[in-house]
Amino acid sequence: MPSFPLMIDLRNKQVIIVGGGPIAERKIQPLLTSGALLTVVSPEVTPAIEALAREEKLTWREKNASPGDVEKAFFLIAAADKEINEKISRAAPENCLINNVSDGEKGNTAFPAIVRRGRLTIAVSTGGASPKAARRIKQELEETYDEPYGQYMDFLHEVRLLLKRSDLADADRHRWLDEVTSPVYLAPEKQRAVLDRLEKLLS
Ligand SMILES: C[C@@]1(CC(=O)O)c2cc3[nH]c(cc4nc(cc5[nH]c(cc(n2)[C@H]1CCC(=O)O)[C@@](C)(CC(=O)O)[C@@H]5CCC(=O)O)C(CC(=O)O)=C4CCC(=O)O)c(CCC(=O)O)c3CC(=O)O
Ligand SMILES: NC(=O)C1=CN([C@@H]2O[C@H](COP(=O)(O)OP(=O)(O)OC[C@H]3O[C@@H](n4cnc5c(N)ncnc54)[C@H](O)[C@@H]3O)[C@@H](O)[C@H]2O)C=CC1
């Protein structure tokens, strides 16, 4: 499927996961911090999904999926076996986002491999060519964009907010915004120096 990458706000949206095996468990993982209302419909679930249900991080409906379970879905993840996935996908509302784990072409969304460093998100998709290659490329990116990038994003955010509030000329603002994208500013002491200079300049 020709696909378009997009960041989605899932807060308070109904996300229904049909099936509770290891693949459902893997798809649920990045959704846990999305603010979505997660419901798993499956007669059996993995111990990790059961634990999430106990912790009230998701709702578990302990049953075979039926059309009524997905009628309010904003996003359906069909993660049971092939036949069930197809049947339940047909019951989803029009315009529902659908991820079909047994046949990507039968849904309208695909999970990328994800690197997260605070506000930085890097998503890798191979368009169904090779999920294992997506994983390998993700691992390479994890080494390049390592843990300090999370804190660095907070610094960039702070700089940008300060500049937005300033009455600096556009050209000067852009000069600052360019300057701080240099990896030199991954170092907290360099960040401090920039923030001090900016605060003086803008006060
Ligand atoms: C289309 C897509 C739709 C979707 O599921 O969203 C899809 C579809 C399918 N995957 C299958 C198999 C495998 N998927 C993985 C792994 C991952 N699969 C992921 C995404 C996607 N998988 C979407 C495309 C993304 C892209 O193309 O880049 C990742 C990136 C994200 C995630 O799952 O979170 C995650 C790695 C994440 C990470 O490590 O970070 C492994 C590797 C392993 O498990 O070791 C295998 C076994 C090896 C193999 O088959 O290649 C099968 C056959 C099922 C069967 O055999 O029945 C189908 C069905 C089909 O081909 O249509
Ligand atoms: N997209 C991907 O990344 C990948 C997809 N797959 C595919 O994912 C699918 C699921 O894989 P696993 O989790 O390993 O399988 P699994 O067999 O361990 O899990 C299936 C789950 O579906 C539940 N289930 C069975 N009947 C149901 C019904 N009527 N309604 C609701 N739930 C029902 C079962 O209780 C179980 O929890 C397989 O079809 C496999 O081919 C496999 C590897 C990767």
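Counting starts at 1 for both ligands and their atoms, following the listed order.
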Please indicate whether any nitrogen or oxygen in [X] is less than 3.5 Å from any nitrogen or oxygen in ligand 2.
X: Arg26; result: yes
X: Lys82; result: no
X: Pro22; result: yes
X: Ser102; result: no
X: Gly20; result: yes
X: Glu44; result: yes

Residue [X] vicinity, atoms of ligand 1 by number, heavy atom under 4.0 Å:
X: Val101; result: 9 (C), 58 (C), 59 (C)
X: Lys138; result: 38 (C), 39 (O), 40 (O)
X: Ser102; result: 59 (C)
X: Gly127; result: 27 (O)
X: Lys132; result: 42 (C), 45 (O), 48 (C)
X: Gly128; result: 26 (C), 27 (O)

Within 4.0 Å of [atom] (strictly less), any protein heavy atom?
atom: atom 43 (C) of ligand 1; result: yes
atom: atom 39 (O) of ligand 1; result: yes
atom: atom 28 (O) of ligand 1; result: yes
atom: atom 7 (C) of ligand 1; result: no
atom: atom 56 (O) of ligand 1; result: no
atom: atom 53 (C) of ligand 1; result: no

For [atom], the protein heavy atom that lies nearest, with its residue and separation:
atom: atom 30 (C) of ligand 1; result: Ala113 N, 3.7 Å
atom: atom 13 (O) of ligand 2; result: Ile23 N, 3.0 Å
atom: atom 46 (C) of ligand 1; result: Pro131 CB, 4.6 Å
atom: atom 2 (C) of ligand 1; result: Ala110 CB, 4.2 Å
atom: atom 25 (C) of ligand 1; result: Phe111 O, 3.5 Å
atom: atom 9 (C) of ligand 2; result: Ala80 O, 3.5 Å
atom: atom 45 (O) of ligand 1; result: Arg135 NH1, 3.1 Å

Practice item. Hey, can you tell me if Tyr152 and Phe155 have their rings parallel, tilted or perpendicular (30° and 60° cut-offs)? Key: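 Parallel.
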Only heavy atoms count here, so choose which of [options] is nearest to [atom].
atom: atom 35 (O) of ligand 2; options: Gly128, Ser42, Ala65; value: Ser42
atom: atom 1 (C) of ligand 1; options: Pro30, Gly104, Ala79; value: Gly104
atom: atom 4 (C) of ligand 2; options: Asn100, Ile17, Val101; value: Val101

For [X], counting its heavy atoms only, list the atoms of ligand 2 lying under 4.0 Å from any of them.
X: Pro43; value: 24 (N), 27 (C), 31 (C), 32 (N), 33 (C), 35 (O)
X: Val18; value: 31 (C)
X: Asn64; value: 27 (C), 28 (C), 29 (N), 30 (N)

Got a donor-acceptor contact below 3.5 angstrom from the [X] side chain to the [Y] backbone?
X: Ser130; Y: Ala133; result: yes
X: Asn99; Y: Thr109; result: yes
X: Ser182; Y: Glu179; result: no
X: Asp154; Y: Tyr149; result: no
X: Arg119; Y: Leu156; result: no
X: Trp60; Y: Thr39; result: no

Counting only heavy atoms closer than 4.0 Å, does ligand 1 sit against the backbone of [X], its side chain, both, or neither?
X: Arg26; value: side chain
X: Pro112; value: backbone
X: Lys82; value: neither
X: Ala134; value: side chain
X: Lys27; value: side chain
X: Thr126; value: both

Practice item. Indicate whether any N or O donor in one side chain lies under 3.5 Å from an N or O acceptor in the other, for Asn100 and Ser102. Key: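 Yes, a side-chain donor-acceptor pair sits under 3.5 Å.
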Check your understanding: Do the side-chain N and O atoms of Gln191 and Gln151 include a donor-acceptor pair separated by under 3.5 angstrom?
Key ->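 Checked: Gln191/Gln151 side chains pair up, N/O donor to acceptor below 3.5 Å.
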Point to revise | Cation-pi, Tyr185 ring and Lys190 (6.0 angstrom, 45 degrees) | key: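 No, Lys190 does not sit over the ring of Tyr185.
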What I want to find out is whether [X] reaches [Y] closely enough, with some N-O distance under 4.0 Å, to be called a salt bridge.
X: Glu83; Y: Lys87; result: no
X: Arg175; Y: Asp178; result: no
X: Lys63; Y: Asp69; result: yes
X: Lys200; Y: Asp196; result: no

Would you call [X] a ligand 2 contact, heavy-atom distance under 4.0 Å?
X: Ile84; result: yes
X: Ala79; result: yes
X: Lys27; result: yes

**Study point:** Between CG on residue Asn108 and CG on residue Leu76, distance to nearest 0.5 Å
**Key:**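 One gets 9.5 Å once the value is rounded to the nearest 0.5 Å.
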Check your understanding: Can you find a pair of side-chain heavy atoms, one from Val40 and one from Arg61, that are under 4.5 Å apart?
Key ->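 Side chain of Val40 against side chain of Arg61, heavy atoms only: no contact under 4.5 Å found.
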Review point. Do Ile114 and Ile122 pass the side chain to side chain contact (heavy atoms under 4.5 Å, CB included) test, and can you show the C-alpha distance, the side-chain angles, and the key distance before you say yes or no?
Key: CA-CA 6 Å; Ile114 304 170; Ile122 308 175; over 6 Å; no
Exercise for review: Using a 4.0 Å heavy-atom threshold (strictly under), name the region of Val41 that reaches ligand 2: side chain, backbone, both or neither.
Suggested key: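 The answer is the backbone.
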Point to revise | ILVMFWY network linking Val15 to Val101, side-chain heavy atoms under 4.5 angstrom | key: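 Cluster IDs for Val15 and Val101 match.
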Practice item. Could you say whether the N/O atoms of Asn99 and ligand 1 ever approach to under 3.5 Å? Key: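 In this structure, Asn99 places an N or O atom under 3.5 Å from an N or O of ligand 1.
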